[in-house]
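In what follows, a single structure is set out as structure tokens and then discussed.
Letters go in sequence order (proteins before strands), and every chain restarts at 1.
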2 protein chains.
Amino acid sequence: MPTPLVVEKTLSDKASLRLTEAIITGELQQGQKLSEADLATRYGISRGPLREAIRELEGMRLVKRVPHAGARVVKLDMAALADLYRVREALEGMASRMAAEQMSEQEVNALVGLLDAHEKQIEKSGGESYFQSEGDFDFHFHIAQGSRNQMLIDLLVGELYQLLRMCRYQTSHLRNRTHMALKQHRQIVEAIADGDGDLAELLMRRHISGAWKSIKAMMEENK
Amino acid sequence: MPTPLVVEKTLSDKASLRLTEAIITGELQQGQKLSEADLATRYGISRGPLREAIRELEGMRLVKRVPHAGARVVKLDMAALADLYRVREALEGMASRMAAEQMSEQEVNALVGLLDAHEKQIEKSGGESYFQSEGDFDFHFHIAQGSRNQMLIDLLVGELYQLLRMCRYQTSHLRNRTHMALKQHRQIVEAIADGDGDLAELLMRRHISGAWKSIKAMMEENK
DNA sequence: ATTGCTCCGATTGTTGACAATCATTCAGAG
DNA sequence: CTCTGAATGATTGTCAACAATCGGAGCAAT
């Protein structure tokens, strides 16, 4: 039985995906208003599904909606990013702890392999492409999965990581942090391999808190 | 100028509120299917707004939707509750830390007053009414506010607390924990008053982790 | 008896038209 | 000239009809 090559999706789900990408890549800029009629005709669908897609993006915190006034792309100013990184610190810290408690040896090996691949990529094409190609997300994504906590996974992958991608796309990123990041990643994996939840959480929180500090410093310097 | 007594809301927002209450109180039971046609006629609205309301509830994690098959009320089994309490531990721990760093003296005093009121209520009407009347939520709600972190507040108040209310409504709750809970609340406030973020986070995490252990024990015993 | 197929009813997904609301503009009074 | 406020255009909210899809009942063949 041949499986269908194109997975049939509902129009609003497809619209939701397109909108998500448009927002993250900056095709729809921060604070920009989302006109229902405009987007509907542009995507070749009706306003009904599009409205539902917007409701979905609201749930992901990518847009903010105000009744009778429409939806606007969320604005990631310094305060919002500070909030985001604190929440991320809490959630990924917990994810690392739970991953340390529950990841199988096989999964840990896969993680190590992932970091090896990342290291090679960095050596070959300069640190820049690491963040740019979202290799960094691979790592954090796998840790989230390792926690076996579905709610944690949904929160991180479905909401926080989208906002982070959005931020990363729009601010050019420091490539001098890649080596430090990779080293910290290895330390975290080591703690997970040892089943040391306390240490894994501590290291992940430091890793994220440090990333925020350097982003913040860069933002304050560049403007 | 007299402010309007009835705040005009959109139909889908009103439906969203009604549905939320119906789910939390158990009027719509866990796992039950939400029929669009049925609910729409019952609420006296059309299917359009109702569908948007369901999308909103999906964002709050109160229902789970599968394309072409409808939406069902989420099932809070043991595994889901375990996940929920771990996430809560991480987020409220962070909220307590930030509250300790940022709450004003005045706000802390208000918190102390709140706990005094709670204590009186417990003495007067037995411990039972404390959890039942959602006095416990008052406390956690104020701490979230104190964090000054809007994303944290949205996550806790808009999503996690709804699920917790749902759980609390349906499982009769231990009243022998009220005294211990109150004592722990006081310790947390003390840490916040001292501006000791480390301790505030630690105590809150213990508080929540302890609550989960006793709930889990009760569930395993009762079935 | 069980497996597979077809048809049918019920439910969800989608559409375009209609109603309500908001923001802007422009006229007129002070 | 400024401020108020009423008309107007554009945008969002709502509705009811239509199309697409899923699940199950019933029947036939092995």
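- The distance from atom NE2 of His68(A) to atom P of dG13(D) is 6 Å, rounded to the nearest whole Å.
- The aromatic ring centres of His185(B) and His118(B) sit 6.0 Å or more apart.
- No contact: Leu50(A) has no heavy atom under 4.0 Å from any strand.
- Among pairs with a residue in residues 143-167 of chain B, those fulfilling ring-ring contact (aromatic ring centres under 6.0 Å, His included) read Phe137(B)-Tyr161(B), at least two apart in sequence or across chains.
- Taking Arg65(A) as the reference, Glu58(A) meet the side chain to side chain donor-acceptor pair (under 3.5 Å) condition, with sequence neighbours excluded.
- Applying the side chain to side chain donor-acceptor pair (under 3.5 Å) rule to Arg42(A) yields the partners Asp38(A); only residues at least two apart in sequence or on another chain are considered.
- Residues meeting the side chain to side chain donor-acceptor pair (under 3.5 Å) test with Glu56(B), sequence neighbours left out: Arg55(A).
- For Asp154(A), the side chain to side chain donor-acceptor pair (under 3.5 Å) partners two or more places apart in sequence, or in a different chain, are Gln150(A).
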Validation: residues 20-28 of chain A side-chain donor-acceptor distances under 3.5 Å, sequence neighbours left out:
from, atom 1, to, atom 2, distance (Å)
Thr20(A), OG1, Ser16(A), O, 2.7
Thr25(A), OG1, Glu21(A), O, 2.9
Thr25(A), OG1, Ala22(A), O, 3.4

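- Spacing between atom CD of Glu36(B) and atom C1' of dT14(D) amounts to 15 Å, rounded to whole angstrom units.
- Near DNA chain D, meaning a heavy atom under 4.0 Å from it, residues 40-49 of chain B has Ile45(B), Ser46(B), Pro49(B) in order of number.
- Every residue was checked against the ring pair (Phe, Tyr, Trp, His ring centres under 6.0 Å) condition with His142(A), not counting sequence neighbours, and none meets it.
- For Thr10(B), a side-chain nitrogen or oxygen approaches OP1 or OP2 of dT14(D) to under 4.0 Å.
- DNA chain C lies under 4.0 Å from no heavy atom of any residue of residues 51-61 of chain A.
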